[in-house]
Amino acid sequence: MRIATWNVNSVKARLPNVTGWLREAKPDVCVLQEIKCQDPDFPRLEFESLGYHVTSHGQKSYNGVAFLSLTKPDDVRIRLAGDDTDEQSRYIEGDVGGVTICGLYLPNGNPRPGEKYDYKLRWMERLRQRAIALLATGAPFMMTGDFNICPADADVYDPAGWAEDALCAPDSRRAWRALCNLGLTEAWRALHPREVEYSFWDYQAGAWPRNNGLRIDHFLLSPALADRLLSCEIDRGPRGQEKASDHTPVICEIA
DNA sequence: ATGACTACCCTAGGTAGA
């Protein structure tokens with residue numbers, strides 16, 4: 001099974017790029033982030049015509065996630081438990097082929113310190129609680145999406161310049177490690193221990209041609225799923241296209 | 001250099017992203 005994650009930065013503005021890539025890459029499951037539209041406006045027919053079952057969890061203007069699967073998911077759930085007052089659409093999880101796939105758009109957290117950073121850390125603790133609950137079921141699962149976390153300095157083009165940013169700050173990385181230390185495996189880094197690759201390049205200041213990137217889109221695999229990990233690759237292709245998202249997709253294959 | 005880009009709201013320029 002091949003699972004993809006992609007922050008598309010508006011599914012409507014990106015439609016030809018996204019459908020074109022799905023046609024080529026043909027992932028069995030694809031989770032999208034920052035769809036930036038409400039559910040009635042989600043271009044579901046375009047994805048259904050490619051064979052995908054579609055569940056979107058959007059909101060007006062900002063955020064929004066979606067779950068695409070070639071086989072019909074046994075169940076799809078939205079919202080991350082732990083705060084009923086949280087209105088932001090950032091979490092969707094579906095069960096496909098006996099695997100629970102959690103698609104997430106973790107808050108950016110800037111500026112830091114501040115309200116938004118506090119929200120990020122609270123959200124990460126809620127995600128950790130969800131991982132604990134899923135681990136308790138014993139079923140294989142993965143958490144994938146835009147984590148807005150650079151796990152280590154090797155995942156940042158300018159570590160010193162980004163040290164105090166919400167994507168790299170000590171509290172952010174501590175919360176990331178707390179998640180990993182439950183026993184989850186970060187798929188790309190596990191298979192590429194010494195490589196430097198990025199999944200995001202800012203639109204500004206020629207970040208893409210200069211390769212000034214960040215690696216913030218990840219797969220975390222439960223222990224049972226980590227044993228089935230075959231590959232995990234970042235596909236830089238879409239970032240180089242016209243009208244590109246600032247993120248590029250990442251694909252993980254499990255046996 | 002208070003920069004640089006792109007998307008949202010909709011048609012001006014504020015908000016957000018990372």
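Side chains are part of it too, since the values below use all heavy atoms of this structure and drop only hydrogens, waters and symmetry mates. If you're wondering where the values come from, they're calculated on a predicted model, not measured in any experiment. Sequence lines set the chain letters: A, B, ... in the order given, protein chains first and strands last, and positions in each chain run from 1.
- To the nearest whole angstrom, the two P atoms, one in B/dA1 and one in B/dT6, are 23 Å apart.
- Within 4.0 Å (heavy atoms only), A/D146 reaches sugar-phosphate atoms of the nucleic acid but no base atom.
- Following rounding to the nearest Å, A/L214 (CG) and B/dC5 (P) show an atom-to-atom distance of 18 Å.
- Rounded to whole angstrom, the span from the CZ atom of A/F200 across to the P atom of B/dA16 amounts to 17 Å.
- Taking atom C1' in both B/dT15 and B/dC10, one finds a spacing of 14 Å when rounded to whole Å.
- Donor-acceptor pairing under 3.5 Å is lacking for the side chains of A/S89 and A/N63.
- Taking 4.0 angstrom as the limit, A/H247 places a side-chain polar atom (N or O) nearer than this to OP1 or OP2 of B/dA18.
- Atom CG in A/N110 sits roughly 9 Å away from atom P in B/dG17 (whole-Å rounding).
- Checking the phosphate oxygens (OP1, OP2) of B/dA18, a side-chain nitrogen or oxygen of A/N148 falls inside 4.0 Å.
- If you take atom P in B/dA4 and the same atom in B/dG13, they sit 15 Å apart, rounded to whole Å.
- Computed from coordinates, the A/H218 NE2 to B/dA18 C1' distance equals 13 Å when rounded to whole Å.
- Ionic pairing of A/D246 and A/R239 is not present here: no N-O contact between side-chain nitrogen and carboxylate oxygen is shorter than 4.0 angstrom.
- Note: NZ (A/K120) to P (B/dG17) measures 11 Å, nearest angstrom.
- The aromatic rings of A/H218 and A/F147 are tilted relative to each other, their planes meeting at an angle between 30° and 60°.
- The salt bridge (Lys or Arg N to Asp or Glu O under 4.0 Å) check on A/E164 picks up A/R112, with sequence neighbours excluded.
- Heavy atoms of other residues, nucleotides or ligands lying less than 6.0 angstrom from CG of A/D84 number 12 at most.
- Using a 30° and 60° split on the angle between ring planes, A/W208 and A/W201 fall in the perpendicular class, above 60°.
- Contact check on A/E125 versus A/R128 returns a salt bridge, with a Lys/Arg side-chain nitrogen under 4.0 Å from an Asp/Glu carboxylate oxygen.
- One atom, CG of A/N63, and another, C1' of B/dG17, lie 10 Å apart when rounded to the nearest Å.
- At the heavy-atom level, A/D217 lies nowhere under 4.0 Å from the strands shown.
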Output one letter per nucleotide in nucleotides 7-15 of chain B: B when a protein non-hydrogen atom lies under 4.0 Å from the base, S when only the sugar-phosphate is that close, - when neither is. SSS-----B
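- Stacking of A/R79 on the aromatic ring of A/Y91 is not recorded, the 6.0 Å distance cut-off and the 45° axial limit not both being met.
- When each of A/A205 and A/Q88 is assigned the nucleotide of DNA chain B bearing its nearest heavy atom, the one mapping closer to the 5' terminus is A/A205.
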Base-pairing string, 5' to 3', of DNA chain B - Watson-Crick or wobble, under 3.5 Å, | interstrand: ....(((((...))))).
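- Rounded to an integer number of Å, the gap from CG of A/D158 to P of B/dA18 is 18 Å.
- Side-chain contact, A/N9 with A/S245: no donor N or O sits under 3.5 Å from an acceptor N or O.
- The nearest whole Å value for the distance from the CD atom in A/Q204 to the C1' atom in B/dG3 is 8 Å.
- To the nearest whole angstrom, the two P atoms, one in B/dT2 and one in B/dA16, are 23 Å apart.
- With A/W123 as the partner, the side chain to side chain contact (heavy atoms under 4.5 Å, CB included) test is satisfied by one option alone out of A/D86, A/N148, A/D118: A/D86.
- For the pair A/Y198 and B/dA18, the criterion of a side-chain N or O lying under 4.0 Å from OP1 or OP2 is not met.
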